[in-house]
Amino acid sequence: MESVTTKIEGSGGISLAAEVVGDDSAMPVLLAHGGGQTRRAWKRVTGDLARAGYRAIAIDMRGHGDSDWSRSGAYEMRDFASDLVAIASKLDRKPALVGASLGGLSGIIAEGCLAPESFASLTLVDIAPRMEAGGVMRVVGFMEEHVDRGFSSPQEAAEIIARYMPHRKKRGAGEGLRRYLRQKGDGRYYWHWDPAFIRNIMTAKRSDQTHQERQFDMLSDAASRLSLPLHLIRGGSSDLVSEDTVTHLRGLVPHMEYTDIADATHMVVGDANDAFSIAIVNFLMRQHGPEGPIS
């Protein structure tokens, strides 16, 4: 299905790139990717949503992909959340929000803290207010490892990714990977996101041993205020969201729905796109669309 690339103004006038698929009059579904990703992570999902009758709007978060980098290094959770609120305020009706990892955490803060009733529903993709610390460090450690020295070639980047995700079939240094990289004047390739994003996270963790726990508490408080339909989709093999963290979230939001996708890791969409699309469209159709699930 044909897509349209556009720009949307986020918080403070920052320009965010977006890919829109579906009829302009359809119910909007806003998709926010995880840290280090881009809107292209949702490429197949946007088509599935459009075919189900929705208008999918996949954005590049600030500092990522084709969106602006923050000149002041404003990459706190509230900054990303403020962008989501700004986008929602510009749409013709409340969007359903689907957020993976960083996008999901930002959604919790946006709806539970900054601007309640901005969204029609919230789907969290393998993320919850209280996460497994080991899984968190594996993700941010991977992102930090090559942020300064980059890669000698796209092929080296592909090798590094293959070691990070050994469960996946190894992929070459094709055009899809190249879109996540940028070549600088020294000839080396670097991730296509602002290094300040991950540096801020690691600096906070290293300078304040209570930082992570306070983040968990802030997110839990915001989640406890959620009254909109909430859906958690977990990768069955996730090292970030365990059954304990699911139980914790259910205690905060008793009305939440929960889908566990077997054999998927934290990268649920890439690991099991078809199962993910079925889960998300089923939920959305019950909440905001034609009656009855898809098969």
Testing the basics here: between [X] and [Y], what is the closest heavy-atom pair and its distance to 0.1 Å?
X	Y	answer
Ala128	Thr245	CB-O, 4.3 Å
Ile108	Ala223	CG2-N, 3.8 Å
Gly104	Ile127	CA-CG2, 3.9 Å
Leu16	Met61	CD2-C, 4.3 Å
Ala157	Leu181	CB-CD1, 4.0 Å
Leu114	Ser82	CD1-OG, 3.5 Å

Do [X] and [Y] meet the criterion of a side-chain donor-acceptor pair at a distance under 3.5 Å?
X	Y	value
Ser3	Glu19	yes
Ser277	Asp48	yes
His266	Ser101	yes
Thr259	His231	yes
Ser238	Asp126	yes
Ser242	Asp244	no

Does atom [atom1] ([X]) have a neighbourhood of more than 12 heavy atoms from anything else shown, all under 6.0 Å?
X	atom1	result
Glu243	CD	yes
Lys205	NZ	yes
Arg71	CZ	no
Arg78	CZ	no

>> Test side-chain contact (heavy atoms from CB on, under 4.5 Å) on Leu105 and Ile109; report intermediate values, then the result.
In response: CA-CA 7 Å; Leu105 296 178; Ile109 296 300; 5.9 Å; no

Between [X] and [Y], is there a donor-acceptor pair closer than 3.5 Å when you use the side chain of the first and the backbone of the second?
X	Y	value
Asp60	Asp66	yes
Lys90	Glu9	yes
Asp83	Gly10	no
Asn282	Ile278	yes
Asn273	Gly270	no
Arg188	Gly150	yes
Gln37	Ala41	no
Arg55	Asp24	yes
Asp68	Ser15	yes
His192	Gly65	yes

Does the gap between the ring centers of [X] and [Y] come in under 6.0 Å?
X	Y	answer
Phe197	His64	yes
Tyr164	Phe142	yes
Trp191	Phe151	yes

Ionic contact status for [Y] with [X], cut-off 4.0 Å:
X	Y	answer
Glu145	Arg138	no
Arg286	Glu257	yes
Asp274	Arg44	yes
Arg130	Glu213	yes
Arg199	Asp148	yes

Are any of the side-chain heavy atoms of [X] and [Y] separated by less than 4.5 Å?
X	Y	value
Leu30	Phe119	yes
Met256	Tyr258	yes
Thr247	Arg250	no
Cys113	Arg225	no
Thr6	Val20	yes
Pro229	Phe283	yes
Leu124	Leu230	yes
Tyr54	Thr46	no

Gap separating the [atom1] atom of [X] from the [atom2] atom of [Y], nearest 0.5 angstrom:
X	Y	atom1	atom2	answer
Leu249	Arg234	CG	CZ	12.5 Å
Ile14	Ser72	CD1	OG	8.0 Å
Ser237	Met267	OG	CE	14.5 Å
Glu144	Ile201	CD	CD1	10.0 Å
Ile161	His146	CD1	NE2	10.0 Å
Met137	Asp239	CE	CG	12.5 Å

> Same hydrophobic cluster for Ile59 and Val4, using side-chain heavy-atom links shorter than 4.5 Å among ILVMFWY?
Replying inline: no

> Would you say Ile198 and Tyr190 are hydrophobically clustered, going by side-chain heavy atoms of ILVMFWY under 4.5 Å?
Replying inline: no

> Should Arg39 and Thr5 be marked as a side-chain contact (heavy atoms from CB on, under 4.5 Å) after you check the CA-CA gap, both sets of side-chain angles, and the distance that decides it?
Replying inline: CA-CA 11 Å; Arg39 66 186 188 274; Thr5 302; 3.8 Å; yes

>> Is there a side-chain contact (heavy atoms from CB on, under 4.5 Å) between Leu31 and Leu49? Walk through the geometry before answering.
In response: CA-CA 11 Å; Leu31 299 114; Leu49 286 168; 4.0 Å; yes

>> With side-chain contact (heavy atoms from CB on, under 4.5 Å) as the criterion, how do Gln212 and Val136 come out once you've worked through the C-alpha distance, each side chain's angles and the decisive distance to 0.1 Å?
In response: CA-CA 10 Å; Gln212 184 164 284; Val136 173; 3.7 Å; yes

